[in-house]
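Input: a single structure, listed below in structure tokens.
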There are 4 protein chains.
Amino acid sequence: MSPHKAPDSSRRSDRSRRAIYDAALALVGEAGYARTTIEGIAARAGVGKQTIYRWWPSKAAVLMEAFIDLGTRAAEEAGGGGDYAIPDTGDLAADLKLVLRATVDELNDPVTEAPTRALAAEGIIDPALGAQFVEKLLDPQMQLYVTRLRSAQEAGELRDDIDPRIALELLIAPLTHRWLLRTLPLTHAYADAVVDHTLRGLGSGPMK
Amino acid sequence: MSPHKAPDSSRRSDRSRRAIYDAALALVGEAGYARTTIEGIAARAGVGKQTIYRWWPSKAAVLMEAFIDLGTRAAEEAGGGGDYAIPDTGDLAADLKLVLRATVDELNDPVTEAPTRALAAEGIIDPALGAQFVEKLLDPQMQLYVTRLRSAQEAGELRDDIDPRIALELLIAPLTHRWLLRTLPLTHAYADAVVDHTLRGLGSGPMK
Amino acid sequence: MSPHKAPDSSRRSDRSRRAIYDAALALVGEAGYARTTIEGIAARAGVGKQTIYRWWPSKAAVLMEAFIDLGTRAAEEAGGGGDYAIPDTGDLAADLKLVLRATVDELNDPVTEAPTRALAAEGIIDPALGAQFVEKLLDPQMQLYVTRLRSAQEAGELRDDIDPRIALELLIAPLTHRWLLRTLPLTHAYADAVVDHTLRGLGSGPMK
Amino acid sequence: MSPHKAPDSSRRSDRSRRAIYDAALALVGEAGYARTTIEGIAARAGVGKQTIYRWWPSKAAVLMEAFIDLGTRAAEEAGGGGDYAIPDTGDLAADLKLVLRATVDELNDPVTEAPTRALAAEGIIDPALGAQFVEKLLDPQMQLYVTRLRSAQEAGELRDDIDPRIALELLIAPLTHRWLLRTLPLTHAYADAVVDHTLRGLGSGPMK
DNA sequence: ACATAATCGAGACGGTACGTCAGGTCTTTTT
DNA sequence: AAAAAGACCTGACGTACCGTCTCGATTATGT
């Protein structure tokens, strides 16, 4: 049925795959996503164009994989197989501030900024890519929050009548909002303010 | 200062400008931003390519202006000079729910979705364009919120120790977050939940 | 040495080359040289523009090659490997009239006129192209004359103290002069007159 | 009937006409004919494009007029209204050599070469322009030859049975041939050789 | 160990769009 | 009324990449 023979991935050249990842990330960092071309990646990686077209459907897909691979390798280097989790010291506000500050630092990291923005932008337009972006890069992080928030609910630190996934959005969304729209600088102070205000509530009067 | 001598805008053809706006919006709606080309816009508008290059620096800039113009014209038609403002019934929660629901509807409007996403995506990558996007399209809306929130502070509905601009972000960011990332459906119920949780606070215990 | 890396001519598509020749000659014949464009040739040949730019430096170069190829193919078809030569009947005047009349017919041929004029004109302005024009299209013909004239010198039909190349110019130049400048019609009678006058001399008295 | 209003030439600006001539000649000299544009001429002359389009049908026509004007002005400066004529010393060969050498020098003059070649080339392709070229620039010169040759016939220096116009072509064509085709250098020696050989004849035997 | 088949590097190919240049027409303002 | 200025539509320029395709020249098993 399919006109395309599926390539045999067991024969795939690892050298080429790696070289393509490196070239893609380097070019996006140097020239920006728009000025990065498949032809350029191939040339830089010392690879035939077809080798890229054989394994990826689009420039965005290449960059996505390269970026995920980057994260995976970084994780392997740092923690030798360790899991990440949000600390649970019993003080929810303090724990959240810690991770949100880390998120702020990550978003402000000039090295990862270009590819992250490129992928986010592409994902906004292309739903399939966006889903992949969320699934591969965002969800794992999100899950950590959900876990911590659920434990907070059990400890009575967090209202029972709230879906942890919504709570999580209320905390994270303001940060991504500032980062994406560049309305105001994204600082640790802002992260702290978000945690405080969100937990405490904006309303002044007593609300049940 | 500029290497290019600025064209004389007093001689500019209004017919062409309008036709370019229309063509740009139509094409983005029909084929998507990526498949919309300057050449295509020119052809559809019955205009020379140079007329586009003379007045705009990029495809995104054309679309941006077209979109702003669309909003302006729509506003002129609807309210004959009327100002928009968030209602102030004395019930802050209800008022906010009203406008956030309207925002939800606007974001879900299939007509404006394609160009809005395109501009947002482009703005994420290009800071200059992003600034324009924020300034021309977002800020006016934002200002309405700030006004209403400040009045709420005066009325004792809102804590005094909070910057209205931050409050505004806590309310709006979750909506744009869902819209951009398509994590979960963007509904009126969600808008209501955001208002309730944000005003009331996530924390269960008493906080100073 | 060259800033452009030379393409690999062993991978060159013969189908495209032929199609380009045909399209170029057809368009020059139909619309004239000035109205013939590279874009038009590519479209007519069903070929990408880049395929032309890859192998030729200019429109004139394309036409030149197409024209040379035309001659080559015509020659191959006609005489299956035969050499052309000016006949040597012993009567120099008669032999020259024969070939000059043939030249007249060739110049008057409406099929080849447009491209020939175009190439001549281009060669007048561009020395490199002119050299190619002379070398590829004129010199072979000229050489035939030189051979015949030298044999005439040996046979005592032609003065010894004259360079055959100059003699050749005296015979041919008047024809090309009329053809290029269109001063007066180019006829067999004129060819005959040129031969007679040139051989006999214009002077009436005896000259040393 | 005519859709174009004929412009009123009595109101024509002489300043502009002159400036256009100067600009055209300068640009052709500096950049070559192909790289000279109407827009460029207008800009250099400080003139609106329409002023050129109003009075000339083509770039070639502008250059032609400019060139003719150049010749006219040069002539007026040099000989204050004097006629040019080929000297008639009684020695036809010597007289012809004199003028042919002058022609050689003129053709070799680097200042006039670019425009002359440009006009010649254009005239080869465009019959109307070619006719003008011949009529305005060549014929006057030619007429001088015809006069001198006719006088030579009367003096018995030149055969009676030859049309002076043909004789003229036999003398001049070899020079233009070399100049146009750049086959061999165009020298005084060549001019002399042409005169000698043409008058004396190429044939070695006695011909009636 | 070797045949054999897929992958690889390279890059020519038919295309599309780019951003620029100039052509020739038209309109506005100045002289 | 002609001229300077220059915006406009048109169309070609030469370039950059697209995604497909064909080439040898390596691999990398599976007999």
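Hydrogens, waters and symmetry mates play no part in the numbers below; they use all other heavy atoms, side chains included. Convention: sequence-line order gives letters A, B, ...; per-chain numbering from 1.
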Report yes if a side-chain nitrogen or oxygen of [X] is closer than 4.0 Å to either non-bridging phosphate oxygen (OP1 or OP2) of [N]; otherwise report no.
| X | N | answer |
| --- | --- | --- |
| C:S13 | E:dA12 | no |
| C:W55 | E:dC13 | yes |
| D:T37 | E:dC21 | no |
| D:S16 | F:dA4 | yes |

*Give a yes or no answer on whether the side chain of D:T51 reaches the backbone of D:V47 with a donor-acceptor pair at less than 3.5 Å.*
no
Looking at [X], I want to see if its [atom1] is surrounded by more than 12 non-hydrogen atoms of other residues, nucleotides or ligands under 6.0 Å.
| X | atom1 | answer |
| --- | --- | --- |
| D:R54 | CZ | yes |
| C:R12 | CZ | yes |
| A:R73 | CZ | yes |

Which is true for [X] with a 4.0 Å heavy-atom rule: it touches a base, it touches only sugar-phosphate, or it touches nothing?
| X | value |
| --- | --- |
| D:R54 | base |
| B:S10 | nothing |
| A:G46 | sugar-phosphate |

*asked:* Tell me the interatomic distance from B:I41, atom CD1, to E:dA17, atom P, rounded to whole angstroms.
replied: 12 Å
*Could you state the atom-to-atom distance from CG of A:L27 to C1' of F:dC17 in whole Å?*
14 Å
Report yes or no: is there a donor-acceptor pair, N or O only, under 3.5 Å between the side chain of [X] and the base of [N]?
| X | N | answer |
| --- | --- | --- |
| A:K49 | F:dG19 | yes |
| B:Q50 | F:dC9 | no |
| B:R11 | E:dT28 | yes |

_Which is more 5' along DNA chain E, the nucleotide nearest A:A43 or the one nearest C:A45? Just name the residue._
A:A43
_On DNA chain E, compare the nucleotides closest to C:E39 and D:K59; which residue's is nearer the 5' end?_
C:E39
*Cation-pi check, D:K59 to D:Y33: give yes when NZ or CZ is under 6.0 Å from the six-membered ring centre and within 45° of the ring axis, no otherwise.*
yes
*Of all the choices, F:dC8, F:dG19, F:dC13, which nucleotide is nearest to the side chain of A:Y53 once you look at every atom?*
F:dG19
